[in-house]
Number of protein chains: 2
Amino acid sequence: MRETKQKTAILEFLRSKRQHYSASQIYDAVREKIPNISLGTVYRNLSTLLESGEIISVETSDKCVFYDGFIKDHAHFVCQKCKNIFDFELPTSAKEHLSSDGFDVSYERLVCYGTCKNCLNNN
Amino acid sequence: MRETKQKTAILEFLRSKRQHYSASQIYDAVREKIPNISLGTVYRNLSTLLESGEIISVETSDKCVFYDGFIKDHAHFVCQKCKNIFDFELPTSAKEHLSSDGFDVSYERLVCYGTCKNCLNNN
DNA sequence: ATGATAATAGTAATCATTACTGATAAGGAA
DNA sequence: TTCCTTATCAGTAATGATTACTATTATCAT
């Protein structure tokens, strides 16, 4: 896995923000530094970064994929109204439960869907 | 929401099995009863059944969507080798945690990814 | 520096899902 | 039962996110 300015720019962008971005949002952001970067390059690097565990991804209920440079174990809450994604701490990990049962868990994803505090108040 | 033989066939198929099926697998299965059912009809019904909560869906790490007629709260383990999907009980629910914090959680999805018992033994 | 080759830009292809349209059938009212 | 309204359908075309391809470029070990 070579280090390229494209991969570095993508990773640095995601790490510099505590939000969640789609591939094309990342493409737009990184183009400010590397104007002729290709969307394919963004996808390829996102995919290798996912594989190496340097980033994670969440999916909203309408199938949009968002990427996250904050990789300390945490869960996500997706608001179905404002589409914001909130982080929260993983309650008890299911890993232990499964690994005591003979499974090898490489990672777990917990996503809750509903309406966030703000949208409830502004209903 | 009208009751049609297409929707009934899809729901009955999913409820009759304790496995997880993709849209096109469901299409193939239901075509044995309704040979000229359209793939679009399968997708439309899966989507309304998801919305009404009569079925649920899981996604493997390679982005394939699978549907499940068993809707008692449970979590999924996706084996990255054999691609099988295993059900397991939800540990402690994150709902309580979030709702005490002012969020309205309509549903939660917990998915673990890794290698299953069988694949570990036959490695 | 040089060479091997991994990664890139740009573009074309893929493929799951959705949208469209005229025809069909579910199910309430008479 | 028969008729009407309209949701749903079959069949097909369109969409759009993601992936594949290819000639070129840039990384990095030697």
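Per chain, numbering begins at 1; letters A, B, ... match sequence-line order.
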Take atom CZ of A:R2 and atom P of D:dT25, then tell me their distance rounded to the nearest Å.
16 Å

Any donor-acceptor N/O pair, A:T8 side chain to A:T4 backbone, under 3.5 Å:
yes

Distances under 3.5 Å between nitrogen or oxygen atoms of protein and nucleotides 12-16 of chain C:
none

Would A:R18 and A:D68 pass as an ion pair if we require N to O under 4.0 Å?
no

Spacing between A:E51 atom CD and C:dA6 atom C1', to the nearest angstrom:
15 Å

Run the ring-centre check on B:F103 versus A:F88 and record whether the distance is less than 6.0 Å.
no

Least distance between heavy atoms, B:L120 atom then A:G102 atom:
CD1-O, 3.3 Å

Output the rounded distance in Å from CZ (A:R31) to C1' (C:dT8).
16 Å

Check this for me: A:K83, atom NZ, are more than 12 non-hydrogen atoms of other residues, nucleotides or ligands nearer than 6.0 Å?
yes

Identify the pairs formed between an N or O of the protein and an N or O of nucleotides 9-11 of chain C at a distance under 3.5 Å, and give each distance.
{"residue": "C:dA9", "atom": "OP1", "partner": "A:Q6", "partner atom": "NE2", "Å": "3.4"}
{"residue": "C:dA9", "atom": "OP2", "partner": "A:S38", "partner atom": "N", "Å": "3.1"}
{"residue": "C:dA9", "atom": "OP2", "partner": "A:T41", "partner atom": "OG1", "Å": "2.3"}
{"residue": "C:dG10", "atom": "OP2", "partner": "A:N36", "partner atom": "O", "Å": "3.1"}
{"residue": "C:dG10", "atom": "N7", "partner": "A:S38", "partner atom": "OG", "Å": "3.1"}

May I have the distance from A:Y27 (atom OH) to D:dT18 (atom P), rounded to whole angstrom?
14 Å

What do the steps show when you test B:Y27 against B:Y43 for ring pair (Phe, Tyr, Trp, His ring centres under 6.0 Å), and what is the final call?
CA-CA 9 Å; B:Y27 175 55; B:Y43 274 108; 8.9 Å; no

B:K117 side chain to A:D101 backbone, donor-acceptor under 3.5 Å
yes

Axis bend over the full length of the helix from C:dA1-D:dT30 to C:dA30-D:dT1, computed from five pairs that close each end, to 10 degrees:
50°

Return the orientation label for the B:H76 and B:H20 ring planes: parallel under 30°, perpendicular over 60°, tilted otherwise.
perpendicular

Once you round it to whole Å, what is the distance between C1' of D:dT8 and CG of B:L46?
15 Å

Evaluate whether atom NZ of A:K5 has more than 12 neighbouring non-hydrogen atoms of other residues, nucleotides or ligands under 6.0 angstrom away.
no

Can any side-chain N or O of A:Q25 pair as donor or acceptor with the backbone N or O of A:S22 at less than 3.5 Å?
yes

Find the distance B:K5:NZ to C:dA26:P and express it as a whole number of Å.
7 Å

For the residue pair A:Y107 and B:Y113, categorise the inter-ring angle as parallel (less than 30°), tilted (30 to 60°) or perpendicular (more than 60°).
parallel

Which whole-number value in Å describes the distance from A:Q25 CD to D:dA17 P?
12 Å

Is the shortest side-chain N/O distance from A:T4 to OP1 or OP2 of D:dA26 below 4.0 Å?
no

Toward the 5' end of DNA chain C, by each residue's nearest nucleotide, B:M1 or B:S47:
B:S47

